[in-house]
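Quick note on labels: first sequence line is chain A, next is B, and so on, each numbered from 1.
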2 protein chains.
Amino acid sequence: MSDDGTARPKRSDAKRNEQSLLEAAAAVFVASGVEAPVRDIATRAGVGTGTIYRHFPTRADLIIAVYRHQVEACAEAGPALLAAGPTPHAALGHWIDLFVDFLVTKHGLAAVLRSDNTGFDTLHAYFLDRLVPVCAQLLDAAATAGEIRSDIRPLELMRGIGNLCIGAHEDPTYNAPKLIDALIAGLRHPPKP
Amino acid sequence: MSDDGTARPKRSDAKRNEQSLLEAAAAVFVASGVEAPVRDIATRAGVGTGTIYRHFPTRADLIIAVYRHQVEACAEAGPALLAAGPTPHAALGHWIDLFVDFLVTKHGLAAVLRSDNTGFDTLHAYFLDRLVPVCAQLLDAAATAGEIRSDIRPLELMRGIGNLCIGAHEDPTYNAPKLIDALIAGLRHPPKP
DNA sequence: TTGCAAAGCGGAACAAGGTTCCGTATCGTC
DNA sequence: GACGATACGGAACCTTGTTCCGCTTTGCAA
C-alpha cells in the first residue's frame with residue numbers, strides 16, 4: 001500500500017529519502033533492536049522525524065517495510081516444506097523453525113507482535129494476514145494425517161510461538177527454540193479425552 | 001522490605017494511605033489491568049503521585065505488594081502437590097496450572113514479567129526468586145523419575161510459561177492454558193536421541 | 001493545651017517516547 | 001525563469017514513569 005505501481009509518482013527526493021530511511025532503520029534495528037526510538041532512525045537517515053511519518057504512517061509500518069521480504073520468504077516456504085517433508089508434522093516443525101529463526105534474529109521483533117502495544121496493530125495484522133494461512137495449511141495437513149491434536153487453531157499456535165520467542169535475544173539462559181520444540185512435540189495426539 | 005516489623009513506626013496517616021493505595025491499586029488493576037497509569041491509582045486512592053512513590057519506590061513494588069500473598073500461596077502449593085500427586089509430572093502439571101491461573105487472571109501481569117520493561121526488574125526478580133526454586137523442585141523430581149527430558153531449566157520453563165500467558169486476557173481466541181498443556185506434555189522424554 | 005520538629009503529602013516539573021503540525025525549501029513543469 | 005504542488009525539518013504536543021520541594025499533618029513533650 002505504499003509501493004504498488006499505481007500510486008502517484010513520487011518526487012525524486014522523496015524516493016531517495018524513503019530509501020535512506022529503510023536502510024537507516026535496518027541498521028538501527030540491528031544495532032539497537034526494533035524498539036529503537038524513531039528519532040534515532042531519523043537522525044541516522046539524516047532526515048527529520050516528520051519525514052518518517054510521511055513515508056510510514058506509523059512506526060509499525062516502517063518495521064513492516066524493513067522486514068517485508070523476509071516475511072514473504074517465510075510464507076512461501078510453507079507449501080514447499082509440506083511438499084518436501086516426510087510428514088506434515090515434520091514440515092510444520094521445519095516451518096516453525098524458520099519462523100522462530102526470523103523472530104529470534106530480529107532483536108525484539110517478537111515482543112512487538114502482541115497487538116496491544118502502542119500502535120503495533122498494523123504490524124500484528126500484517127504478520128498474521130500473511131503467515132496464518134500458511135500455518136493453517138500445515139496444521140491442517142498434520143491434523144488430517146492424524147499426527148497431532150486437532151483442537152489447535154493456527155492463530156493460536158502462531159501467537160504462542162511468537163510469545164515464546166519474546167526476550168530470546170536478551171537472555172542467553174533462555175532457549176526459546178528448545179521450548180518451542182517441546183511445544184510442537186506436545187501437539188502430537190490429544191493427551192486423553 | 002516495606003512491611004516487616006523492624007521498620008521505624010509509621011505515622012498513622014502514612015499507614016492509612018498505604019492501605020488506600022493497596023486497595024485502589026487492586027481495584028484499578030482489576031478494572032484496567034496492571035499496566036494502568038500510576039496517576040489513575042493515585043487519583044483513585046485520593047492521594048498525589050508523590051505519595052505512591054514514597055510508599056512504593058517503583059510501580060513494580062506496588063504490584064508486588066498487591067499480589068504478594070497470592071505468590072506466596074503459589075509457592076507453598078509446590079511441595080504440597082509434589083507430596084500429594086500420583087507422579088512428579090502430574091504435580092508439575094498441577095502446579096503450572098496454579099501459576100498460569102494466577103498470571104492469566106491478572107490482566108496483563110504476564111507481560112510485565114519480562115524484565116527489560118521500564119523498571120520492572122524488581123517485580124521480575126521477586127517472582128523468580130520466590131517461584132523458581134519451587135519449580136526447580138518439581139522439575140527435578142520429574143526428571144529424576146525419568147518422566148521428562150532433563151535439559152529443561154526451571155527458569156527457562158517459568159519464563160516460557162510466563163510468555164505463553166501474555167495477552168491471554170485480551171484475546172478470547174487465544175487459549176494459553178491449552179498451549180501450556182501441550183508444552184508440558186511435550187516435556188516428556190526427549191523426542192529421539 | 002500548645003508548640004515544634006520530623007514525617008508525610010500533593011502535584012508541578014522533568015525525561016523519554018510516539019505523533020502531529022506548519023512554515024519553509026525543493027522539485028518539476030510550463 | 002516562475003509557480004504550484006510536494007516534501008522537508010524539527011519544534012510542539014501528548015502520555016507515562018519518576019523526582020523534587022514547599023506546605024501540611026502528626027505525635028510528642030513541656
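Spacing between atom CG of B:Leu21 and atom C1' of C:dG8 amounts to 13 Å, rounded to whole angstrom units. For the pair A:Asp40 CG and D:dG10 P, the interatomic distance rounds to 15 Å; values are reported in whole Å. One can place CD1 of A:Ile52 at 13 Å from C1' of D:dC8, the figure rounded to the nearest angstrom. D:dT15 atom C1' lies 8 Å from atom CZ of B:Arg39, rounded to whole Å. Summarising the geometry, the separation between CD on A:Glu18 and P on D:dA7 is reported as 11 Å, rounded to the nearest angstrom. Nucleotide D:dT18 holds its P atom 7 Å from the CZ atom of B:Arg59, rounded to whole Å. As a whole-Å value, the separation of B:Phe56 CZ from C:dC9 P is 11 Å. Taking atom CD1 on A:Ile41 and atom P on C:dT19, their separation rounds to 11 Å, with Å as the unit.
At a cut-off of 3.5 angstrom, the base of C:dT26 holds at least one donor-acceptor pair with the side chain of A:Arg11.
Put simply, B:Tyr53 has a side-chain N or O that comes within less than 4.0 Å of OP1 or OP2 on D:dT18. Contact between the side-chain N/O atoms of B:His55 and the OP1/OP2 oxygens of C:dC9 is found at a separation under 4.0 Å. Neither OP1 nor OP2 of C:dG10 sits under 4.0 Å from any side-chain N or O of B:Thr49. Contact annotation: B:Ser12 side-chain N/O to D:dG27 OP1/OP2 distance is under 4.0 Å. Regarding contacts with the backbone of D:dC8, a side-chain N or O of A:Asn17 is found under 4.0 angstrom from either OP1 or OP2.
No more than 12 heavy atoms of other residues, nucleotides or ligands shown are found within 6.0 angstrom of CZ on B:Arg153.
Between A:Tyr67 and A:Phe102, the two ring planes are perpendicular [angle over 60°; tilted spans 30° to 60°].
Placement of A:Leu183 and B:Ile148 within a single hydrophobic cluster is found when ILVMFWY residues are connected by side-chain heavy-atom separations under 4.5 Å, directly or transitively. Side-chain heavy atoms closer than 4.5 Å link hydrophobic residues (I, L, V, M, F, W, Y) into clusters, and following such links, even through other members, never connects A:Ile166 to A:Ile180.
Taking only side-chain atoms of B:Pro37, from C-beta outward, the nucleotide of D:dG10, C:dG17, D:dT16 with the closest atom is D:dT16. Between C:dC27, D:dG9, D:dT26, one nucleotide has an atom nearer to the side chain of A:Arg54 than all others, and that is D:dG9. Between C:dT19, C:dG11, C:dC9, one nucleotide has an atom nearer to the side chain of A:Val38 than all others, and that is C:dT19.
Nucleotides of DNA chain C nearest to A:Thr51 and B:Asp13 differ in position, and the one nearer the 5' end is that of B:Asp13.
Atoms CD1 and CG, on B:Ile184 and B:Leu179 in that order, are 11.5 Å from each other to the nearest 0.5 Å.
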